[in-house]
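We name chains A, B, ... by the order of the sequence lines, and we start the count at 1 in each one.
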Amino acid sequence: MRILEEDFYRRDTVQVARELLGKILIHESKEGLTSGIIVETEAYYQGDPACHATRGRTKRNAVMFGPAGIAYVYFVYGKHHCFNVVTGEEGSGEAVLVRALEPLEGVELMKRRRGDKCPYRRLSSGPGNLCSAMGIKGEHSGVSLLVAPLYICNDGDEVASADILVTSRVGISRGEELLLRFYIKNNPYVSRR
DNA sequence: GCTTTGATGCACT
DNA sequence: GTGCATCAAAGCG
């Protein structure tokens, strides 16, 4: 397994969103290590009305305008965190939202963080659940994904394009129904079919 | 400084 | 399937 380099992220945002499927997100927290296979992503690029960076740089979205390979985490709906990866050229303000993981390591820790009553397949299904299970919080916004404790690895297995489904994004109220959501076909851990 | 609303998840029917 | 908690940042004046 190899940590993905900045070169991987500094490319077309839609391409990065597709290729992130099947990669492994790892967080080495104080409480322990958790990891999972990325099974669902969404692309947010410049010019897209639903993208946080569309209306210019603000305090919240500032890290989106930084170099690729940086985590962008934000708080939404008064309860939930969402985890994004900054992509494209520095200053473009583009990112990929990671929406769901298939739990791999540290499952017990995830269960503890999510609550014992949580069904296994919903441990990290959905942007808010994913952050909760992985222990990702607002403090992780702006940290590099190129080094520990938070990084993404390539396990060598590319996901065949036949196994990738493309749909419109979830929860978008502004903008057109763009086909910018990608997920692995028949994977039980995606947040929604 | 005041109001609106959102890249959601969960409890409840 | 539907309603709603909950709050910071954005948008407006």
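Here dA8(C) presents its C1' atom at 12 Å from OH of Tyr72(A), a figure rounded to the nearest Å. As a whole-Å value, the separation of His81(A) NE2 from dG9(B) C1' is 14 Å. In this structure, CD1 of Ile172(A) is placed 10 Å from C1' of dG6(B), rounded to the nearest angstrom. Note: CG (Leu97(A)) to P (dG6(B)) measures 16 Å, nearest angstrom. If you take CZ of Phe75(A) and C1' of dG9(B), they are 12 Å apart, rounded to a whole angstrom. A straight line from CZ of Arg99(A) to P of dG6(B) spans 16 Å, rounded to a whole angstrom. One atom, NE2 of His80(A), and another, P of dC7(C), lie 12 Å apart when rounded to the nearest Å. Distance, Arg60(A) CZ to dA8(C) P: 12 Å, rounded to whole Å.
Phosphate proximity of dC10(B) to Asn129(A): present, with a side-chain N or O under 4.0 Å from OP1 or OP2. Proximity of Arg55(A) to the phosphate of dA9(C): no side-chain N or O atom is located under 4.0 Å from OP1 or OP2.
For the strand DNA chain C, secondary-structure stems (runs of at least three Watson-Crick or G-U pairs, all distances below 3.5 Å) span B:1-6 with C:7-12, B:8-12 with C:1-5.
Using a 4.0 Å heavy-atom criterion, one finds that Arg192(A) contacts no nucleic acid atom at all. Using a 4.0 Å heavy-atom cutoff across all strands shown, Arg122(A) reaches no nucleic acid atom at all.
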Checking salt bridge (charged side-chain N to carboxylate O under 4.0 Å, His left out) for the pair Glu158(A)/Arg18(A): CA distance, chi angles, key distance, verdict?
CA-CA 10 Å; Glu158(A) 290 294 321; Arg18(A) 287 183 78 101; over 6 Å; no

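Thr34(A) and Glu105(A) share no donor-acceptor pair across their side chains, judged by distance under 3.5 Å alone.
Distance noted for atom C1' between dT13(B) and dT6(C): 23 Å (whole Å). Taking atom P in both dC12(C) and dA7(B), one finds a spacing of 16 Å when rounded to whole Å.
Using a 4.0 Å cut-off between charged nitrogen and carboxylate oxygen, Glu89(A) and Arg11(A) do not count as a salt-bridge pair. Taking a cutoff of 4.0 Å between a charged side-chain nitrogen and a carboxylate oxygen, Arg169(A) and Asp48(A) qualify as a salt bridge. Ion pairing between Glu31(A) and Arg113(A) holds under the 4.0 Å rule for side-chain N and carboxylate O.
Within 6.0 Å of atom CZ in Arg122(A), 12 or fewer heavy atoms from other residues, nucleotides or ligands are found, so the atom counts as exposed in its surroundings.
The listed nucleotides are dA10(C), dT8(B), dC10(B); the one nearest the side chain of Cys82(A) is dT8(B). The side chain of Lys59(A) has dA10(C) as its nearest neighbour among dA7(B), dG9(B), dA10(C). Here the side chain of Lys79(A) is nearest to one of dT6(C), dA7(B), dA10(C), namely dT6(C). Of the listed nucleotides (dG9(B), dA7(B), dA11(B)), dA7(B) has the atom at the smallest distance from the side chain of Tyr74(A). In this structure, of dA10(C), dT8(B), dA7(B), it is dA7(B) that holds the atom nearest to the side chain of Tyr44(A).
By the 5.5 Å and 30° criteria, Tyr77(A) is not stacked with the base of dA5(C).
In this structure the side chain of Ile37(A) never reaches within 4.5 angstrom of the side chain of Leu101(A), judged on heavy atoms.
Checked against the 6.0 Å centroid criterion, the rings of His81(A) and His140(A) do not qualify as a close aromatic pair.
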